[in-house]
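Data block below; observations after.
Computed from a prediction, not measured in an experiment: that's the story for all the values here. Chain letters run A, B, ... following the sequence lines, proteins first, then strands; residues in each count from 1.
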Amino acid sequence: MDKVYDHKSVEEKIYKEWERKGYFKPEINPKGKPYSIILPPPNANGALHFGHAMFTVEDILIRYHRMKGDSCLWLPGTDHAGIETQFVFEKKLKQIGKSRLDFDQGTLYKMIWEYVEEHRGGIQNQLRKLGFSLDWSREKYTLDPDIIKLVYKTFKKMYDEGLVYRDFRLVNYCTFDGTSFSDLEVVNTEKEGVLYYIKFPIKGGEFITIATTRPETLVGDVAVMVNPNDKRYKGFVGKSAILPLVNREIPIIADEYVDPQFGTGAVKVTPSHDFNDFEVAKKHNLKYPPIIGLDGKIKNTRVIDGLYVKQARVKVLDLLSEKNLLVKEEKHKMVLRTCYKCKNVLEPLSLEQWFVKVNPLTEKAIKAVRDGKIKIIPSNFENIYFQWLENLRDWNISRQIVWGIRIPAWKNKKTGEWIVTEGEKPKGDEWEQDHDTFDTWFSSGQWPFVTLKTTKPGDFEKFYPTSVMETGYDILKAWVSRMIMVGIYITGDVPFRDVLVHGLVNDPYGKKMSKSKGNVVNPLELIEKYGADSVRFALVYGNATGNDQSLSYSKLDAARKFTNKLWNMARFITLCHPELISGSNSSSTEMPKQVRHDTQDLLKMAKNENDKEMVKKTQELVKEVTGYLDKYQFNLAAERLYDFAWHEFADKYIEDVKNRIDEHSFVVLSSLFLVQLKLLHPFMPFVTEEIYQRFKFGESIMIDKWPA
RNA sequence: GGGCUCGUAGCUCAGCUGGUUAGAGCGUUACAUUGACAUUGUAAAGGUCAGAGGUUCGACUCCUCUCGGGCCCACCA
């Protein structure tokens, strides 16, 4: 054996062998208890990042359970990642001077499809580099025809049962990216704005002053509103104000919604472009004239038509100043809804969209966690989950992008009537399919059951509900809660038993990694340098479940040294070996047949007191590590193993046995080393396998038994 | 405005349901070794566990408050 462990000569070779021998398939333990994890599907078009590297935790669980004899399925897949991917593609288009508007829906879809196909497979090979024992024979893609079919089916069922409805209401719309977003995708940004005080003449002579941050929408307003208890305006309610610039009469109404303390206590009502005003207008039976188009330009005003919102604001303020109607301006902090992709301010626009009625779904989803049918670990994330679900508004699932699953709904061109199918086109020429696609989360929210129903016959029955859903807390709401909601709805059962949450990996200075900051570290480079085992170990060691961590090069170094230490412990054992086994070749690394897999057996066989003591200590180690793994305390397991192997086994025991080695002690030494290799295998699969095979302990450590 | 989370050795962090001298990695100091170990071993220095109060026989660990970071959520124009 070489003096130094060389991961580069080992990892790829071993992974290929594992995969070739079919060890990743649940069929390797056909009679075992089912144990399953669905890999959160990475973006099909993306590259490996630390969020993916944290899936190491899943591999640890899978490898541990596989060794315990369970029938383990770890199911890989990729996501088409709708808006994300289209956004990337549009950037490419821009580079060649084109835009999405230059192509029709079908062509653009095809172009993106081809673009993604070119890059597909990249992420899968990167996951292989981490040693993940995923069953690649069952890999799924969110745009697989059989997956799409099931997604359609869900939509149809929801529609038939009244859980999906089409409605004309305000949505968060990005006029730059040309699509609406769900509430969850909106980024609220605090900005320093201006509050304008504007005088509206009242029919009959007086004035009323309103305060607003959006003067440009004034030309489309339908009312002025005050608080019914506001004495200042008692006499005004019921009269008509006259909209400046357009000279239209609008009523002055009263509603509790207005805060008398704010501004002047009087506001203008713009139902088509403000969420509150939309509700108020509904209540008071007011009209909703839209004055901002999908292109972000003003329309239907006859005064400022064709101007973009920002230009319109300047123009309106100028006009008001001329007429002396602009009373004053004051600085005002406000929270704006912005697009999470392009950072521009979103416009509330009234559009007809598909919505999911969330109420019946959230109730069951909340109950499942409250009743303990699903456990969220660490439990503090349960609060976040409850809080979100309890305040959830209906879910807008229509997206005006092409990259996604097109909604299977058709509109009758003559009657305006809608029909929803499971994907098939209705008969007749009068039906036109909705151009919108589903919110990506609508399809990925069905991932656990749509995958298992389309992999191999019997998979769903055997592996659903899955054992664990392991993911970053950043998508707890967007994804995990949706899977629970839709999963229960379709299957009648929860999609998984435990939700295990991991934290983010930040840069070495504790700052979130982001492309714009330029502080992104590529895990592949670290694997190349330190080896996959070290990267894996460093990610779990010294970090409590669910906590963020900063990338630590010293920890990576320590992990690399640890792999090397293990390697050299093995090397030392081989050096002890040849003198003891008569007639054996000095270069042999084969271990004696007497090596015990059962420590109880070993204890009986051991003669020396120190050997016996060490066997007992190892038994204790097995118990502890197993307990930690069962409780998802990976850091404690890793720390215990590290400490034991290095400071108990190497520093003390090996130093002791060195000088008194005989055949009996050699069996104890190599057997106890084997136990540690097994315990370490889920954490560091490659180095443990390499040593195991060199020692000819068996065919593969992956399929060997977990120490009892 | 609401919620979550963190503040433990110089640095980065562990420390489960409260219980003998508070742990690790890196760093520092001294010695040893380079015939398992691109090193390793032995030993050492280093912490009022953010602060205050409370519960308890006993708190880093539970409760309250304060101070200071971080994150998430939020339709006050």
Side-chain angles (χ1 to χ4, degrees), chain A residues 1-6 170 172 183-184 186-188 190 193 195-196 210-215 217 221 224-225 257-270 273-280 332-335 337 348 378 380-388 391 393 473-474 476-477 503-504 506 508-512 537-538 540-576 624 627-628 631-636 638-640 642-643 646-647 650-652 654-655 658:
Chain A
M1 289 173 80
D2 292 340
K3 273 180 125 175
V4 180
Y5 172 63
D6 175 23
L170 290 198
N172 310 293
D183 293 335
L184 200 55
V186 173
V187 178
N188 291 297
E190 194 166 285
L195 187 62
Y196 301 94
I210 59 98
T212 182
T213 56
R214 299 209 63 181
T217 57
D221 286 344
V224 168
M225 182 163 65
Y257 159 70
V258 180
D259 174 6
Q261 307 300 319
F262 188 90
T264 61
V267 301
K268 62 191 201 60
V269 181
T270 318
H273 305 289
D274 182 284
F275 286 92
N276 300 306
D277 293 0
F278 185 84
E279 295 303 319
V280 165
H332 173 61
K333 258 195 200 141
M334 56 183 185
V335 178
R337 304 172 147 245
N380 54 283
F381 288 108
E382 287 184 0
N383 291 331
I384 296 174
Y385 173 83
F386 289 137
Q387 200 191 331
W388 188 68
N391 297 310
R393 297 191 295 182
Y473 61 75
D474 49 332
L476 192 67
K477 285 176 271 198
L504 270 39
N506 294 320
Y509 306 99
K511 296 268 177 283
K512 199 168 170 173
F537 199 79
V540 281
Y541 184 93
N543 178 249
T545 304
N547 281 7
D548 290 353
Q549 63 178 313
S550 304
L551 184 66
S552 159
Y553 288 101
S554 65
K555 208 156 80 171
L556 280 162
D557 242 341
R560 187 187 53 75
K561 283 181 183 167
F562 182 51
T563 41
N564 200 48
K565 185 75 183 179
L566 284 175
W567 182 256
N568 274 286
M569 285 158 68
R571 183 157 176 259
F572 175 75
I573 291 172
T574 64
L575 294 178
C576 287
E624 281 183 58
Y628 287 143
K631 283 186 282 183
Y632 301 121
Q633 294 173 321
F634 307 102
N635 57 324
L636 297 182
E639 282 157 36
R640 189 75 183 86
Y642 177 94
D643 186 64
W646 201 315
H647 302 303
D651 288 352
K652 298 208 180 90
I654 289 184
E655 288 304 319
K658 222 177 199 173

Query raised in the report: Between atom CH2 in A:Trp567 and atom C1' in B:C37, what is the gap in whole Å?
Result: 12 Å
Query raised in the report: Using the P atom in both, what is the distance from B:U5 to B:C16, to the nearest Å?
Result: 15 Å
Report task. Between B:A36, B:A14, B:A74, spot the one nearest the side chain of A:Val335, thanks. Result -> B:A74
Requested in this report: Remember a base hit wins even if backbone is also touched, and classify A:Tyr473 as base, sugar-phosphate or nothing at under 4.0 Å, heavy atoms.
Outcome: nothing
Query raised in the report: If pairing requires Watson-Crick or G-U wobble contacts with both distances under 3.5 Å, which nucleotide is the partner of B:U64?
Result: B:A52
**Report entry** Identity of whatever pairs with B:G46 - Watson-Crick or G-U, under 3.5 angstrom
**Finding:** none
Query raised in the report: Where does the angle between the aromatic ring planes of A:Trp646 and A:Phe562 fall among parallel (under 30°), tilted (30 to 60°) and perpendicular (over 60°)?
Result: parallel
**Report entry** Contact under 4.0 Å: A:Asn188 side-chain N or O vs B:A74 OP1/OP2
**Finding:** yes
**Report entry** A:Asp221 and A:Thr270: side chain donor to acceptor below 3.5 Å
**Finding:** yes
Query raised in the report: Within this structure, what is the OH-to-C1' distance between A:Tyr642 and B:G25, rounded to whole angstrom?
Result: 6 Å
Query raised in the report: Which listed nucleotide (B:A36, B:A77, B:A14) is nearest to the side chain of A:Asp259?
Result: B:A77
Report task. Output the single nucleotide from B:A14, B:A77, B:U42 whose closest atom is nearest the side chain of A:Glu639. Result -> B:A14
Query raised in the report: Do the side-chain N or O atoms of A:Lys555 get closer than 4.0 angstrom to the phosphate oxygens (OP1, OP2) of B:U12?
Result: no
Report summary line: Scanning all shown strands, the Watson-Crick or wobble mate of B:C57 with both distances under 3.5 Å is B:G19
**Report entry** Gap in Å between the two C1' atoms, one belonging to B:G25 and one to B:G46, rounded
**Finding:** 15 Å
Requested in this report: Could you tell me whether A:Leu504 contacts a base, only the sugar-phosphate backbone, or nothing, with contacts defined as non-hydrogen atoms closer than 4.0 Å?
Outcome: nothing
Report task. Could you tell me whether A:Glu655 contacts a base, only the sugar-phosphate backbone, or nothing, with contacts defined as non-hydrogen atoms closer than 4.0 Å? Result -> base
Query raised in the report: CG of A:Leu636 versus P of B:U61: gap in Å, rounded?
Result: 19 Å
Query - Nearest-Å distance once atom P is located in both B:A50 and B:U8 - result: 6 Å
Query - B:A74 versus B:C11 - spacing of their C1' atoms, nearest Å - result: 38 Å
Requested in this report: Under 4.0 Å between any heavy atoms, over every strand shown, what does A:Asn380 touch: base, sugar-phosphate, or nothing? Just pick one.
Outcome: sugar-phosphate
Report task. Working to the nearest 0.5 Å, report the span between CD1 of A:Ile573 and CG of A:Asn568. Result -> 11.0 Å
Requested in this report: Please report, rounded to the nearest Å, how far the P atom of B:G1 is from the CD atom of A:Glu190.
Outcome: 11 Å
Query raised in the report: Base, sugar-phosphate, or nothing: which does A:Arg393 touch, judged by heavy atoms less than 4.0 Å apart?
Result: base
Query raised in the report: Hey, does A:Gly263 reach any base, or is it just sugar-phosphate, or nothing, if we go heavy atoms under 4.0 Å?
Result: nothing
Query raised in the report: Does the B:C37 base have a donor-acceptor partner in the side chain of A:Lys3 within less than 3.5 Å?
Result: no
Report task. Establish, with yes or no, whether the OP1 or OP2 oxygen of B:C37 is under 4.0 angstrom from a side-chain nitrogen or oxygen of A:Trp646. Result -> no
Query raised in the report: Which residue, A:Asn383 or A:Val258, contacts RNA chain B at a nucleotide closer to its 5' end, judged by nearest heavy atom?
Result: A:Asn383
Query - Intermediate values then yes/no, side-chain contact (heavy atoms from CB on, under 4.5 Å), A:Leu184 and A:Trp388 - result: CA-CA 10 Å; A:Leu184 200 55; A:Trp388 188 68; 3.7 Å; yes
**Report entry** Distance between C1' atoms of B:A32 and B:A24 (Å, rounded)
**Finding:** 24 Å
Query raised in the report: Rounded to the nearest Å, what distance is computed from the CG atom of residue A:Asp548 to the P atom of nucleotide B:G69?
Result: 18 Å
Requested in this report: Measure from the side chain of A:Lys658, starting at C-beta and using heavy atoms only, and say which of B:C73, B:G41, B:A36 lies closest.
Outcome: B:A36
Requested in this report: Among the candidates B:U39, B:A14, B:C76, find the nucleotide nearest to the side-chain atoms of A:Tyr257.
Outcome: B:C76
Query raised in the report: Within less than 4.0 Å of OP1 or OP2 of B:A77, is there a side-chain N or O belonging to A:Arg337?
Result: no
Requested in this report: Give the rounded distance in Å between these two atoms: CZ of A:Arg571 and C1' of B:A38.
Outcome: 12 Å
Query raised in the report: Once you round it to whole Å, what is the distance between C1' of B:C11 and OH of A:Tyr553?
Result: 16 Å
Requested in this report: Considering just the side-chain nitrogens and oxygens of A:Ser554, establish if one lies under 4.0 Å of OP1 or OP2 belonging to B:G27.
Outcome: no
Query raised in the report: Distance between the C1' atoms of B:C13 and B:U17, in whole angstroms?
Result: 23 Å
Report task. Identify whether any heavy atom of A:Tyr541 sits under 4.0 Å from a base atom; if not, whether one sits that close to sugar-phosphate; answer base, sugar-phosphate or nothing. Result -> sugar-phosphate
Report task. Describe the nucleic acid contact of A:His647 in one word from base, sugar-phosphate, nothing, applying a heavy-atom distance below 4.0 Å. Result -> sugar-phosphate
Query raised in the report: With side chains defined as the heavy atoms from C-beta onward, is the minimum distance between A:Tyr628 and A:Glu639 less than 4.5 Å?
Result: no
Report task. Looking at every strand, decide which applies to A:Thr213 at a 4.0 Å heavy-atom threshold: base, sugar-phosphate, or nothing. Result -> sugar-phosphate
Query raised in the report: Applying a 3.5 Å limit to both distances, which nucleotide forms a Watson-Crick or G-U wobble pair with B:U40?
Result: B:A32
Report task. Would you classify A:Lys561 as touching base, sugar-phosphate or nothing, given that sugar-phosphate means primed atoms plus P, OP1 and OP2, and contacts are heavy atoms under 4.0 Å? Result -> sugar-phosphate
Report task. Quote, to the nearest angstrom, the C1' distance that separates B:C65 from B:C26. Result -> 37 Å
Query - Exercise: do A:Tyr473 and A:Asp548 side chains pair donor with acceptor under 3.5 Å - result: yes
Report summary line: Out of B:C72, B:A38, B:C16, minimum distance to the side chain of A:Lys477 belongs to B:C72
**Report entry** Complementary nucleotide for B:G1 - Watson-Crick or wobble, under 3.5 Å
**Finding:** B:C73
Query raised in the report: How long is the span from the CG atom in A:Leu195 to the NZ atom in A:Lys333, to the nearest 0.5 Å?
Result: 14.5 Å
Report task. With a 3.5 angstrom cut-off on both distances, give the Watson-Crick or G-U wobble partner of B:G10, or none if there isn't one. Result -> B:C26
**Report entry** Between CD on residue A:Gln549 and NZ on residue A:Lys555, distance to nearest 0.5 Å
**Finding:** 4.5 Å
Query raised in the report: Any side-chain N or O of A:Asn391 less than 4.0 Å from the OP1 or OP2 oxygen of B:G3?
Result: no
Query raised in the report: Touch check for A:Asn547, heavy atoms < 4.0 angstrom, all strands: base, sugar-phosphate only, or nothing?
Result: sugar-phosphate
Query raised in the report: From A:Met334 CE over to A:Asn188 CG, what is the distance, rounded to the nearest 0.5 angstrom?
Result: 12.5 Å
Requested in this report: Nearest whole angstrom, please: distance from the P of B:G2 to the CZ of A:Phe386.
Outcome: 22 Å
Report task. For nucleotides B:A36 and B:U42, find the distance between their P atoms and express it as a whole number of Å. Result -> 15 Å
Requested in this report: Would you indicate which nucleotide in B:G25, B:G41, B:C4 comes nearest to any side-chain atom of A:Ile384?
Outcome: B:C4
Query raised in the report: In terms of ring plane angle, is the pair A:Tyr642 and A:His647 parallel, tilted or perpendicular, where the classes change at 30° and 60°?
Result: perpendicular
